[in-house]
Amino acid sequence: MTKTFNTKKYGEVTVRNAMLDMDGTNLKDGIEIKGDFNLIEIYGDFDVEEMSDEQVEGLIDRLL
């Protein structure tokens, strides 16, 4: 699932579910966040469809 969000601080960002490489051998569920910054990968089980603009902005704030 891919969804575009319009955040106040970061403008338009795209969030999608992804299988993320942990160590070159193992994969884990997570999300990728793309915007006018480096790609952010977060491990975990996220329901992208249910996320709000504010939640996405909060995740980015904590990781940048």
Side-chain angles (χ1 to χ4, degrees):
M1 160 103 243
T2 301
K3 186 174 176 183
T4 301
F5 296 89
N6 291 305
T7 65
K8 292 179 183 177
K9 285 185 181 179
Y10 306 104
E12 189 173 284
V13 298
T14 302
V15 180
R16 74 178 190 97
N17 292 99
M19 292 299 293
L20 304 174
D21 183 9
M22 292 179 59
D23 57 13
T25 304
N26 298 301
L27 299 174
K28 188 170 184 175
D29 287 328
I31 57 173
E32 292 180 342
I33 303 174
K34 295 180 185 178
D36 290 337
F37 44 81
N38 291 334
L39 174 70
I40 298 173
E41 296 180 336
I42 306 171
Y43 297 112
D45 185 26
F46 294 89
D47 187 354
V48 173
E49 192 170 322
E50 295 297 321
M51 294 174 78
S52 69
D53 295 340
E54 293 79 19
Q55 288 173 317
V56 172
E57 188 170 296
L59 285 172
I60 298 168
D61 282 344
R62 283 186 256 154
L63 297 167
L64 289 183

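M1 and M19 fall into different hydrophobic clusters, where Ile, Leu, Val, Met, Phe, Trp and Tyr side chains are chained together by heavy-atom contacts under 4.5 Å.
E57 places none of its side-chain heavy atoms less than 4.5 Å from the side chain of D53. For the pair L27/L20, no side-chain contact is recorded, criterion being any heavy-atom separation below 4.5 Å from C-beta on. With a 4.5 Å cut-off on side-chain heavy atoms, V15 and K3 do not count as touching.
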Requested in this report: May I have the step-by-step check of side-chain contact (heavy atoms from CB on, under 4.5 Å) for N17 and T2, ending in yes or no?
Outcome: CA-CA 7 Å; N17 292 99; T2 301; over 6 Å; no
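Considering every non-hydrogen atom in both Q55 and M51, the closest pair reads OE1-CA, 3.1 Å. The two residues M22 and K28 come nearest to each other via the heavy atoms SD-CB, 3.4 Å.
Interatomic distance, CG of D61 versus NZ of K9, reported as 3.5 Å (0.5 Å rounding).
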When the side chains of residues 33-49 are checked against the rest of the protein, which donor-acceptor pairs come out under 3.5 Å, sequence neighbours left out?
unit_1	atom_1	unit_2	atom_2	d
Y43	OH	D21	O	3.1
D47	OD1	E49	N	3.4

